[in-house]
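Counting begins at 1 with the first residue of the sequence.
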Amino acid sequence: MNQKPARVVAIYPGSFDPITYGHLDLIDRASKLADRLIVAVLQNSEKQPLFSVEERMEMLREVVAPYPNAEVDSFQGLLVDYARQRSAHLVVRGIRAISDYEFELQMALMNRRLWPELETVFLMANEAHSFVSSRLVKDLFRLGGEISGFVPPNVERRLKERIAVKEA
Ligand code: PNS
């Protein structure tokens with residue numbers, strides 16, 4: 001029988017373009033489950049992100065500062081390879097609605113096939129954030145909507161700067 005590792009190192013991977021209160025809620029919950037939580041930004045050359053990986057990491061670092069057991073990093077390639085490299089055996093992902101489940105299940109099972117020692121856990125964010133996504137926040141902001149209830153103030157500030165520059 002496998003033994004539980006002495007220290008639970010968890011990875012919360014994502015695009016975080018940008019971080020929302022939904023992500024932050026997940027970080028809060030996951031930081032209580034793991035001894036060490038690595039919030040890892042995917043360096044994905046296929047997507048056209050609004051913020052660079054460095055900018056996303058900076059925003060994440062600002063919001064995870066109150067969590068002493070959380071750190072921010074980035075990775076490229078397969079999540080399982082990164083997890084192995086960081087000696088992490090747990091992946092945390094958020095499920096908002098049943099529509100998220102199918103893709104998340106495929107990813108979790110693929111990751112398990114690739115590295116059976118990696119376990120995925122799904123956490124439900126507070127229902128107040130269940131409909132919030134980075135994409136919707138960006139759309140809402142571009143169309144002049146109020147976003148302060150969906151993203152932390154540092155992210156709102158950066159969005160204002162970025163979108164003002166893009167549209168200038
Ligand atoms: O925030 P997102 O965009 O939903 O996060 C998706 C993420 C980063 C978790 C996922 O795309 C990922 O893990 N990518 C790394 C490549 C990988 O390992 N894919 C799964 C097995 S093919």
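- Atom-to-atom distance recorded for R29:CZ and L24:CG is 11.0 Å, nearest 0.5 angstrom.
- By the salt bridge (Lys or Arg N to Asp or Glu O under 4.0 Å) test, R135 is found to be paired with D139, residues two or more places apart in sequence or in another chain being considered.
- For S31, the side chain to side chain contact (heavy atoms under 4.5 Å, CB included) test picks out L37, Y67, N69, with sequence neighbours left out.
- For the pair I19 and I27, the minimum side-chain heavy-atom distance is below 4.5 Å.
- Legend: residues meeting side chain to side chain contact (heavy atoms under 4.5 Å, CB included) with R113, ordered by chain and number and at least two apart, are absent.
- Qualifying side chain to side chain donor-acceptor pair (under 3.5 Å) partners for Y101, counting only residues two or more places apart in sequence or in other chains: none.
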Show me the donor-acceptor pairs within less than 3.5 Å that the side chains of residues 118-131 make with the rest of the protein, sequence neighbours left out.
unit_1: E119; atom_1: OE2; unit_2: R112; atom_2: NH2; d: 3.2
unit_1: N126; atom_1: OD1; unit_2: A128; atom_2: N; d: 2.8
unit_1: S130; atom_1: OG; unit_2: E127; atom_2: O; d: 2.9

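- Taking the side chain to side chain donor-acceptor pair (under 3.5 Å) definition, one finds that N154 meets it with E62, sequence neighbours left out.
- Partners of D17 by side chain to side chain donor-acceptor pair (under 3.5 Å), not counting sequence neighbours, listed by chain and number: K138.
- Separation of atoms CG (L79) and CG (L114) is listed at 9.5 Å; rounding is to 0.5 Å.
- The list of ring pair (Phe, Tyr, Trp, His ring centres under 6.0 Å) pairs with a residue in residues 4-62, not counting sequence neighbours, reads Y12-F16, F16-H23.
- Within the structure, every pair that satisfies the side chain to side chain donor-acceptor pair (under 3.5 Å) test and touches residues 75-89, not counting sequence neighbours, is listed here: E71-R86, D73-Y82, D73-R86, Y82-R86.
- Proximity of M57 to S52: side-chain heavy atoms (C-beta onward) are nowhere separated by under 4.5 Å.
- Checked by atom type and distance alone, the side chain of D35 pairs as donor or acceptor with a backbone atom of V8 at under 3.5 Å.
- In terms of the side chain to side chain donor-acceptor pair (under 3.5 Å) criterion, residue partners of E146 (sequence neighbours excluded) are, by chain and number, S148.
- Among residues two or more places apart in sequence or in another chain, the salt bridge (Lys or Arg N to Asp or Glu O under 4.0 Å) test is passed with R157 by none.
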